[in-house]
Enquirer: 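Following this message is one structure expressed as structure tokens.
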Protein chains: 2
Amino acid sequence: MKADERREQILHTAIDLFSLKGFSGTTTKEIARAAGVSEAIIFRHFAKKSDIYSAILDDKARHDGMKFPWEDDAELLDAIHRKDDAKVFYRLAINALNKQQSDVGFLRLLMYSALEEHELAERFFSEFVARVYGFIGGYIEERQRDGVMREMDARIAVRAFLGMLIHHSLNVILWDKRKALLNITNKEAAENFAQILLRGIKA
Amino acid sequence: MKADERREQILHTAIDLFSLKGFSGTTTKEIARAAGVSEAIIFRHFAKKSDIYSAILDDKARHDGMKFPWEDDAELLDAIHRKDDAKVFYRLAINALNKQQSDVGFLRLLMYSALEEHELAERFFSEFVARVYGFIGGYIEERQRDGVMREMDARIAVRAFLGMLIHHSLNVILWDKRKALLNITNKEAAENFAQILLRGIKA
DNA sequence: GTCTATATGACGATAGAC
DNA sequence: GTCTATCGTCATATAGAC
């Protein structure tokens, strides 16, 4: 295996393990064993254990992990254009829920790194989350100017919306399968959350 | 210092450290140093490191940490009795936000233990969160029967509400101080979230 | 009840052969 | 590029003196 491939393979193995057990809960020996190489190989590709952690976000950025929920959704962009609010918030919700839950490892990793106050979470926050606030908040402000939504700090509405979505995904990932306190499809969840927010902020 | 006091002291020192760096990120040596005792003392009071972790929830339960947001709030109970929905949801929100943010360490600890799938989070979930769902969900169902709130799964409304609250508190704890993406008082947040939810689910 | 001293193993990281 | 073997350090946990 070439150096680049091996490096990628180690990185993805490490992402899986870090997302399961956190940074300090994962040993280089485990990563090596899971990747099917010796520990020494790890340290040929990454000088320090923490270098693996730092490389994760670059890898995500290079692949599709940092794509925005609206980039590929023609239906959403069309709804925005037509100012079909119900559709806009439903599409935003369903995209967010599906994406979050399709990459459980990354969401767990983000939580870990936020708690550990690692650069990873901070960069994700300023590069990704801030733009989401700008995008959704911008749409709400536009609709406020149209007189369709009531006057309020649009960022609070965004926080409420993202709060429902992220909290629900975390619940699905961490609890619902075993505990089943609330067992609904993402479609149901997205419809309900979109409707609650929309009725909640309309004029 | 008597055994009980020393045990409590070690426990609280450990809670602080676990909440900052997680279970595997905290060493018994650090706990000992922070508590001002030798490492051997730790292992006299707790046979294994993980026993400290397990003892945390019992300690919380013995103290005030597991109290319900409505137990001490006469204003809330009165509002429920009078069916003053706006007041009910505002009081629930402000209580939750204040409590979550007054015990940052515990919230961080819960997040860590949820990710680590430790008993701690699971017990908190089934002993505390489930009852919150029952309480708030019960009130919503009552108001649905009154015809004041629209037909929907009340648990979804609860999840949306708790999502706003918990997500906002996590943002405050983990980000807002440094990044200031959204700097509002808990009062403002509670008013807005309560209003969004209420308008969102009323008939 | 607390200490010093230490056992035992796992940890991150390196050296050197192939 | 990969391995085996090993380093020094730090981890959890224990023994025995005071």
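Excluded from the calculations below are hydrogen atoms, water molecules and symmetry mates; all remaining heavy atoms, backbone and side chain alike, are included. We name chains A, B, ... by the order of the sequence lines, and we start the count at 1 in each one.
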Enquirer: Identify each donor-acceptor pair in which a side-chain atom of residues 35-48 of chain A lies under 3.5 Å from a protein atom, sequence neighbours left out, and give them as a table.
Expert:
residue	atom	partner	partner atom	Å
Ser38(A)	OG	Ala40(A)	N	3.4
Glu39(A)	OE2	Thr28(A)	OG1	2.8

Enquirer: Choosing from dG1(C), dG12(C), dA13(D), which nucleotide comes nearest the side chain of Ala3(B)?
Expert: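 The answer is dG1(C), which lies nearest to the side chain.
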Enquirer: Could you state the atom-to-atom distance from NZ of Lys29(A) to P of dG12(C) in whole Å?
Expert: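 After rounding, the gap between these two atoms is 9 Å.
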Enquirer: Which residues satisfy the salt bridge (charged side-chain N to carboxylate O under 4.0 Å, His left out) test with Lys87(A), sequence neighbours excluded?
Expert: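 In terms of salt bridge (charged side-chain N to carboxylate O under 4.0 Å, His left out), with neighbours along the sequence ignored, Lys87(A) is linked to Glu75(A).
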Enquirer: Please give, in whole Å, the distance from dA10(C) P to Lys49(A) NZ?
Expert: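 Rounded to the whole Å, the gap is 16 Å.
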Enquirer: Rounded to the nearest Å, what distance is computed from the CG atom of residue Asp51(B) to the P atom of nucleotide dT12(D)?
Expert: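 In whole Å, dT12(D) P lies 13 Å from Asp51(B) CG.
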Enquirer: Stepwise, does the ring pair (Phe, Tyr, Trp, His ring centres under 6.0 Å) test hold for Phe89(B) with Phe161(B)?
Expert: CA-CA 9 Å; Phe89(B) 285 99; Phe161(B) 193 44; 5.4 Å; yes
Enquirer: Rounding to a whole Å, what distance do you find between Ile10(A):CD1 and dA13(C):P?
Expert: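 Answer to the nearest Å: 14 Å.
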Enquirer: Among Tyr133(B), Phe124(B), Phe125(B), which one satisfies ring-ring contact (aromatic ring centres under 6.0 Å, His included) with Trp175(A)?
Expert: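 In the set Tyr133(B), Phe124(B), Phe125(B), the residue that makes a ring-ring contact (aromatic ring centres under 6.0 Å, His included) with Trp175(A) is Phe125(B).
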Enquirer: In whole angstroms, how far is the P atom of dC11(C) from the CD1 atom of Ile31(A)?
Expert: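 After rounding, the gap between these two atoms is 11 Å.
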Enquirer: Got a donor-acceptor contact below 3.5 angstrom from the Ser169(A) side chain to the Ile166(A) backbone?
Expert: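 Side chain of Ser169(A) to backbone of Ile166(A), a donor-acceptor pair under 3.5 Å: no, none is there.
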Enquirer: Atom CZ of Arg7(A) and atom P of dT2(D): how far apart are they, to the nearest Å?
Expert: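 After rounding, the reported distance stands at 14 Å.
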Enquirer: Give a yes/no on whether any side-chain N or O of His45(B) is located under 4.0 angstrom from OP1 or OP2 of dG1(C).
Expert: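 Answer is no, no contact under 4.0 Å.
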Enquirer: Within the side chain of Gln144(A), is there an N or O that forms a donor-acceptor pair under 3.5 Å with the backbone of Met152(A)?
Expert: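 Judged by distance alone, yes, a pair lies under 3.5 Å.
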Enquirer: Calculate the interatomic distance between Arg33(B) atom CZ and dA11(D) atom C1'; express it in whole Å.
Expert: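 My rounded result for the distance is 15 Å.
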Enquirer: Could you tell me if His167(A) and Asn171(A) have a donor-acceptor pair between their side chains, going purely by distance under 3.5 Å?
Expert: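 Short answer, yes.
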Enquirer: Go through the structure and list residues passing side-chain hydrogen bond (donor to acceptor under 3.5 Å, both in side chains) with Lys99(B), not counting sequence neighbours.
Expert: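 Partners of Lys99(B) under the side-chain hydrogen bond (donor to acceptor under 3.5 Å, both in side chains) test: none.
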Enquirer: Does anything in residues 37-44 of chain B reach DNA chain D, meaning a heavy atom under 4.0 Å, and if so which residues?
Expert: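 Those residues whose heavy atoms fall under 4.0 Å from DNA chain D, taken from residues 37-44 of chain B in numerical order, are Glu39(B), Ala40(B), Phe43(B).
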Enquirer: Enumerate the side chain to side chain donor-acceptor pair (under 3.5 Å) contacts for residues 104-114 of chain A, please, sequence neighbours excluded, ordered by first and then second residue.
Expert: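 Matches after skipping sequence neighbours: none remain.
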Enquirer: Distance check: side-chain N/O of Arg6(A) vs OP1/OP2 of dT2(D), anything under 4.0 Å?
Expert: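 For dT2(D), OP1/OP2 do have a side-chain N/O of Arg6(A) under 4.0 Å.
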Enquirer: Among residues 19-27 of chain B, which ones have heavy-atom contacts with DNA chain D below 4.0 Å?
Expert: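 DNA chain D contact set from residues 19-27 of chain B: Thr26(B), Thr27(B).
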Enquirer: Rounded to the nearest Å, what distance is computed from the CD atom of residue Glu30(B) to the P atom of nucleotide dA11(D)?
Expert: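 Rounding to the nearest Å, CD of Glu30(B) and P of dA11(D) are 7 Å apart.
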